[in-house]
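Please read the structure below before turning to the comments.
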2 protein chains.
Amino acid sequence: MQMQQADRLQGLKYPADPIQRAWVAIQRMGPALLERVEARLKDAGLPALEWYDVLWALEREGPLRQRDLAANMLIARYSISRLIDRMEADGLVERRECPEDARGQVVHVTEAGLALRQRIWAVYGPAMKDALAALTEDEALQLAALLIKLGC
Amino acid sequence: MQMQQADRLQGLKYPADPIQRAWVAIQRMGPALLERVEARLKDAGLPALEWYDVLWALEREGPLRQRDLAANMLIARYSISRLIDRMEADGLVERRECPEDARGQVVHVTEAGLALRQRIWAVYGPAMKDALAALTEDEALQLAALLIKLGC
DNA sequence: TCTATATAGATGCAAATGCAACAAGCCGAC
DNA sequence: GTCGGCTTGTTGCATTTGCATCTATATAGA
């Protein structure tokens, strides 16, 4: 198999300055953990997490407009447009007319989409747990609280 | 100006489960903060942070092989190869022969590279500080410590 | 030494991304 | 009403990515 250099996390140094240290840690660990998890999805022949996010948002909140999906996922409109193109081509979602705004469309999940989400979660859930296994539950909550503070 | 949907961080929900909550927070805040900072670089007509990372690694540690840059930045070899192509074309770095391994090359930073790094830092530093302004120094250190734990 | 295997880096190709521009519909001021 | 400006979603184009593969060199082991 190829490399996996995102797991060369051991020898890396961090700045001493608190702000810089936090910044580097966030920007380094986010992608590294993501790569670990996505590698397991790929090994299982499953699509990337982006697809999961769409499917889960639709299952959780019901049919949504592309605009709202974009807002949920913090990605650009044109990205959603093309992501939904691909997912629709795979039969996971459907675009339907939007009654109260003729510009818009409403995205619905299909049965196949629901089924795929479950198959992804069966791998994603455990992989996420493993990725964060070094933290206790309290620490995980602390970490989340600190990060969420940054969004406000 | 265009959108900036990465700042729609306010209304977003987080799972109650500690592990999931931490995961979502990391994966959401990392890119959102990055986008805020990179927007300021772009407004100033400066290149993306990737370039900064290369320049700073070379300035800090001296000339490096592409292999070592890749390890430092947690990115794939072929990405480095092409990143250095572009930076070399811009006169910021130079590839030179590697005396003790004829396969390899050593990347050196040029005067222009040193100068550019300083210009980037003048924007990057303050932007980073602003992005993390919601945290005290203690909190920043706490956050960093929790994240760094995940790499071990 | 000679061979097998591993590593460094580059690259062709297909897919994905970002940007800018666009059409179509909405909405509020007048 | 209608006019200007905003929002929604799409698309052409150039750039960037990821994957697989390739060459050249290094290194370990018989």
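One distance of note links CG of L132(A) with CG of L146(B); it measures 11.0 Å at 0.5 Å rounding. Distance CG/D53(B) to CG/L74(B): 10.0 Å, rounded to 0.5 Å. In this structure, CG in D130(B) is found 4.5 Å from CZ in R40(B), a value given to the nearest 0.5 Å.
In terms of modelled atom types and a separation under 3.5 Å, the side chain of E137(A) and the main chain of I19(B) share no donor-acceptor contact. Q27(A) places a side-chain N or O within donor-acceptor distance of the main-chain N or O of G30(B), the cut-off being under 3.5 Å.
Rounded to whole angstrom, the span from the CG atom of L49(B) across to the C1' atom of dT16(D) amounts to 17 Å. Atom P of nucleotide dG25(C) and atom CD of E97(A) are separated by 11 Å, given to the nearest angstrom. For the pair R95(A) CZ and dT10(D) C1', the computed distance is 9 Å after rounding to whole Å. Atom CZ of R96(B) is separated from atom C1' of dG9(C) by 19 Å (rounded to the nearest Å). Between I80(B) atom CD1 and dT17(D) atom P the separation is 11 Å, expressed in whole Å. Atoms OH (Y78(A)) and P (dC22(C)) sit 18 Å apart, rounded to a whole Å. Protein atom CG of L64(A) is 14 Å distant from nucleotide atom P of dT8(D), rounded to whole Å. The separation between R77(B) atom CZ and dT7(C) atom P is 8 Å, rounded to whole Å.
For R103(A), the salt bridge (charged side-chain N to carboxylate O under 4.0 Å, His left out) criterion is met by D101(A), not counting sequence neighbours. Partners of V37(A) according to the side chain to side chain contact (heavy atoms under 4.5 Å, CB included) rule, which considers only residues two or more places apart in sequence or in another chain, are L49(A), Y124(A), A127(A), A131(A), W23(B). D90(B) meets the salt bridge (charged side-chain N to carboxylate O under 4.0 Å, His left out) test with no other residue; sequence neighbours excluded. Applying the salt bridge (charged side-chain N to carboxylate O under 4.0 Å, His left out) test to E61(B) and every residue at least two apart in sequence or in another chain returns nothing. The salt bridge (charged side-chain N to carboxylate O under 4.0 Å, His left out) check on E88(B) picks up R95(B), with sequence neighbours excluded.
Side chain of E50(A), nearest nucleotide from dT8(D), dA8(C), dT17(C): dT17(C). In this structure, the nucleotide among dA8(C), dT8(D), dG18(D) sitting nearest to the side chain of R67(B) is dA8(C).
Summary of helix geometry: the two end axes of the helix from dT1(C)-dA30(D) to dC30(C)-dG1(D), each defined by five base pairs via their C1' atoms, are inclined to each other by 30° (rounded to 10°).
Residues from residues 81-93 of chain A lying near DNA chain C, meaning a heavy-atom separation below 4.0 Å, are R82(A), R86(A) in numerical order.
Applying the salt bridge (Lys or Arg N to Asp or Glu O under 4.0 Å) test to pairs two or more places apart or on separate chains, those with a residue in residues 139-152 of chain A are E139(A)-K149(B), K149(A)-E139(B). Counting only residues at least two apart or on different chains, no salt bridge (Lys or Arg N to Asp or Glu O under 4.0 Å) pair has a member in residues 9-34 of chain A.
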Show me the side-chain donor-acceptor pairs of residues 113-123 of chain A shorter than 3.5 Å, one per line, residues at least two apart or across chains.
unit_1  : atom_1 : unit_2 : atom_2 : d
R117(A) : NE     : E59(A) : OE1    : 2.6
R117(A) : NH1    : Y52(A) : OH     : 2.9
R117(A) : NH2    : E59(A) : OE2    : 3.4

Are any protein N/O atoms closer than 3.5 Å to N/O atoms in nucleotides 1-5 of chain D? If there are, list each pair with its distance.
none

Under 3.5 Å, N/O pairs linking protein and nucleotides 22-25 of chain D:
unit_1  : atom_1 : unit_2  : atom_2 : d
dT25(D) : O2     : R103(B) : NH1    : 3.2

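Between G104(B) and S79(A), the residue anchored closer to the 5' end of DNA chain C is G104(B), taking for each the nucleotide with the nearest heavy atom. Nearer to the 5' terminus of DNA chain D, by closest-nucleotide assignment, is the contact made by K42(A) (compared with the other of E100(B) and K42(A)).
Under the 4.5 Å side-chain criterion, counting only non-hydrogen atoms from C-beta, L9(B) is in contact with R36(B).
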